[in-house]
Number of protein chains: 2
Amino acid sequence: MKLTTKGRYGLRAVVDLAVNTDDEAVALSQIAERQGISLNYLEQLVARLKKAGIVNGIRGAQGGYVLAMPAEEISVGDILRALEGDLSPVDCYEINSNDTPCDNSDICVTKYVWKRISDSINDAVDGIMLSDLVAESRRVNAEAGITQESQANQTC
Amino acid sequence: MKLTTKGRYGLRAVVDLAVNTDDEAVALSQIAERQGISLNYLEQLVARLKKAGIVNGIRGAQGGYVLAMPAEEISVGDILRALEGDLSPVDCYEINSNDTPCDNSDICVTKYVWKRISDSINDAVDGIMLSDLVAESRRVNAEAGITQESQANQTC
DNA sequence: TTTAATTCCTATTAAATTACTCGGTATTAA
DNA sequence: TTAATACCGAGTAATTTAATAGGAATTAAA
């Protein structure tokens, strides 16, 4: 029941991008350095975000990535689902229609549990917008003294 | 962000135990057969439930397991946490006090996200009691014709 | 008193997943 | 032309999961 590094690193990367954007594209190498994430691995994470329409890539020198939408319109749920796949606790047809149907659906009792968990997770993450995290980030950084430190080696 | 088979099989096993109990202890071999779970593996799952005080084991011939408390007093959260460990999406000291503290806690923004997810999951599962699932199980089995079929090979 | 049924315990292993690394190609501003 | 960047796919090491296996301890019943 844990998120993988895809979700953890990836959300941090998007917040970093949103915070450090200034009309120009942000190079992944900068995000990788600030966040202490390997560039090669970060590329793979950002590829998922791009595919989901959350960021746009700009190729060539001085290129980088930009948000595809205003931060107010991107939910944490959008970001985490792009990175992790569905946030349901089980692969169950009744919950995620992409899964294969289940023989025992009619007498399955636990599916009610999985549905409640799934809905509560999705409601929670869809209620937080990227802009909320950007605002919070600016606030805590101001308090901490504006030093743009590396966040390497953090556990979450 | 998926439960493991520990949580999935284990919850089914507890519901099976609660449904099929009749003053006498229920042998794991019966639960294993009805639920299509390997006996050896089920033993490991039930050991966790016993350690958490959810079931009691009765040794010897005609032995088996019984609920340690009335089903009304056992929440699905108790069961899943016993089987899976904490249900938080990250290993984070701010959320699970058993984890090691984090250097970047003061400037960490994503921890608010993880906390919201964690709380919503725990609220959801703590709001469902084992007795609710037992009642639901009796209802759907009655509708399906009271045939106590095996639930083997179900995906969740 | 023996036997069979059961919980209880620990070690080992196969499979799957995760978390990367590596090496390249394509594109574009300077 | 060069350097900086996104983009792409293959391979690999480490970790975790999902079991399997085998036996010891306990106890009701024959």
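Convention: sequence-line order gives letters A, B, ...; per-chain numbering from 1.
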Does A:R59 make a side-chain donor-acceptor contact with the base of C:dT27, cut-off 3.5 Å? no
Under 4.0 Å from OP1 or OP2 of C:dC20: is there any side-chain N or O of A:Y9 that close? yes
Output yes when at least one side-chain N/O atom of A:S38 is less than 4.0 Å from OP1 or OP2 of C:dT21, else no. yes
Out of C:dC8, D:dT5, C:dC22, minimum distance to the side chain of B:K50 belongs to C:dC8
So does A:D123 pair up with B:R116, basic N to acidic O under 4.0 Å? no
I need the CD-C1' distance between A:Q44 and D:dA6, as an integer number of Å. 14 Å
Does A:R12 come within less than 4.0 Å of A:D16, counting only side-chain N to carboxylate O? no
Round to a whole Å and report the spacing from CD of B:E24 to P of C:dT7. 14 Å
Residue B:S29, side-chain heavy atoms: nucleotide from C:dT6, D:dC7, C:dT7 that is nearest: C:dT6
Can you measure from CD (A:E72) to CE (A:M129) and round to the nearest 0.5 angstrom? 8.0 Å
Can you find a donor-acceptor pair, distance only, under 3.5 Å between B:Q30 side chain and C:dT6 base? no
Should the pair A:D126-A:R81 be classified as a salt bridge under the 4.0 Å nitrogen-to-oxygen rule? yes
Counting only heavy atoms and a strict 4.0 angstrom limit, can you tell me which residues of residues 60-69 of chain A come near DNA chain C? A:G60, A:A61, A:Q62
Whole-Å gap separating P (D:dT17) and CE (A:M1): 13 Å
Using whole Å, what does the distance between atom C1' of nucleotide C:dC20 and atom NZ of A:K6 come to? 10 Å
The reported gap from CG in B:N20 to CD1 in B:I31 (rounded to nearest 0.5 angstrom) is 7.5 Å
Within 6.0 Å of CG in A:D22, more than 12 heavy atoms from elsewhere: yes
From CG of A:N56 across to P of C:dT27 the rounded distance in Å is 17 Å
Can you tell me if A:T5 touches the phosphate of C:dA19, counting only side-chain N or O atoms and a distance under 4.0 Å to OP1 or OP2? yes
Is any side-chain N or O of A:T4 closer than 4.0 Å to OP1 or OP2 of C:dA19? yes
Measure the distance from CG on B:L3 to P on D:dA18 and round it to the nearest whole Å. 10 Å
Just the rounded figure in Å: distance from C1' of C:dA19 to CG of A:L83. 14 Å
Around atom OH of A:Y93, are there more than 12 heavy atoms from other residues, nucleotides or ligands closer than 6.0 Å? no
Residue A:N40, side-chain atoms from C-beta onward, closest of D:dT20, C:dC22, C:dT18: C:dC22
Separation of D:dG23 atom P from B:E43 atom CD, nearest Å, is 15 Å
